[in-house]
Amino acid sequence: MTTFTSSSQQLLVSLTDRVAVITLNRPEARNALSPELTGAFRQAIAWATEDADVGAVLVTGAGNAFCSGGDVKAMGAHPNSNQPRPSVEQQYQELRARHHEIAGALRAMRKPTLAALPGAAAGAGMAIALSCDLRIAAESAFLSTGYARIGLSGDYGIAWLLSRIVTPGHARQLMLTSERVTASRAYEIGLVNEVVPADELMAAAMAQASVLAKGPQVAYAYIKDNLDEALDIPHATAIDREADRLLKARTTADHKEAVTAFAEKREPIFSGR
């Protein structure tokens with residue numbers, strides 16, 4: 001195991017029961033994304049991706065919000081006149097890197113990822129939640145794209161993510177109106193997988209994350225490969241690729257353990273191999 005220490009108090013990271021818990025920690029700003037926070041977040045995701053002792057990742061926010069997106073107050077601040085303003089190309093490359101190394105890396109991770117939403121998930125915060133495999137929301141939580149309200153078009157791949165999680169009609173409605181979607185409504189249209197009382201949120205999220213963290217990691221990776229390709233390839237191609245991955249999964253120690261455990265009428269103990 002590689003010990004991970006966050007480079008900022010704006011991001012808290014712990015490893016419990018093979019679950020890496022990543023907590024956005026700017027509660028006074030509803031966990032808005034500052035440069036310091038996003039820098040530490042990128043490092044934490046890279047660590048969780050590579051560390052073999054991490055079986056699942058749980059992302060949440062401190063206080064009463066998940067993440068309110070970009071720091072709108074900072075957007076309106078005057079740049080430091082002592083520093084040259086980055087060119088448009090430099091700004092573009094920095095945005096690309098940041099978005100790929102957060103939302104892109106979460107979605108590309110072959111380990112199970114969960115987002116626990118104690119409150120607002122807006123703008124980039126909503127995109128980050130959608131980049132996770134599963135989302136659990138407190139009854140008090142809400143989601144909003146938010147971009148149109150501040151004259152922006154979207155980032156972190158949110159239009160792509162929305163179009164695959166809800167219907168295209170709902171995706172357009174949410175992007176164009178920036179409406180606030182309550183937790184119950186989010187569950188109805190598939191934005192979140194579960195809604196629980198606020199005081200039960202972290203217990204419920206950790207319970208699910210712990211089960212997934214102890215599961216068959218190689219099989220999970222193949223399952224995510226199958227799901228990621230499902231909307232982009234023909235059915236016949238999907239059948240071929242699933243067959244190939246199934247045969248590979250049959251050779252794993254986890255599959256052999258599961259078969260043995262079934263015969264012995266006990267729960268399997270997976271090793272992730």
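Checked against salt bridge (charged side-chain N to carboxylate O under 4.0 Å, His left out), Arg96 has no partners two or more places apart in sequence or in another chain. The side-chain hydrogen bond (donor to acceptor under 3.5 Å, both in side chains) check on Glu139 picks up nothing, with sequence neighbours excluded. For the salt bridge (charged side-chain N to carboxylate O under 4.0 Å, His left out) test, residues two or more places apart in sequence or in another chain that qualify with Arg42 are Glu94, Glu101.
Remark: side-chain polar atoms of Arg30 are not paired, donor with acceptor, to backbone N or O of Ala65 under 3.5 angstrom. Without hydrogens or angle criteria, Lys111 side chain to Gln217 main chain gives no donor-acceptor distance under 3.5 Å. For the pair Ser131 (side chain) and Leu106 (backbone), a donor-acceptor distance under 3.5 Å is absent. Asp17 places no side-chain N or O within donor-acceptor distance of the main-chain N or O of Val19, the cut-off being under 3.5 Å. A distance-only check finds no donor-acceptor pair linking the side chain of Asn25 to the backbone of Leu12 [under 3.5 Å]. Between the side chain of Gln90 and the main chain of Ser87, a donor-acceptor pair closer than 3.5 Å is present.
With hydrogens and angles left out, the side-chain atoms of Ser7 and Gln43 include a donor and acceptor closer than 3.5 Å.
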For a side chain to side chain contact (heavy atoms under 4.5 Å, CB included) check, start with the C-alpha distance between Arg98 and Tyr156, then their side-chain angles and the critical distance, and finish with the verdict. CA-CA 9 Å; Arg98 186 190 316 151; Tyr156 287 86; 3.3 Å; yes
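Residues Glu179 and Arg185 fail the side-chain proximity criterion, which asks for heavy atoms closer than 4.5 Å. A heavy-atom distance below 4.5 Å is found between the side chains of Ser34 and Gln10. Looking at heavy atoms from C-beta onward, Leu227 lies out of side-chain contact with Asp133 at the 4.5 angstrom threshold.
Between Asp228 and Arg110, at least one side-chain N (NZ, or NE/NH1/NH2) sits under 4.0 Å from a carboxylate O, which counts as a salt bridge.
Partner of Leu117 under the side-chain contact (heavy atoms from CB on, under 4.5 Å) criterion, chosen from Leu143, Thr60, Leu201, Val59: Leu143.
The distance from atom NZ of Lys248 to atom CG of Asp244, rounded to the nearest 0.5 Å, is 4.0 Å.
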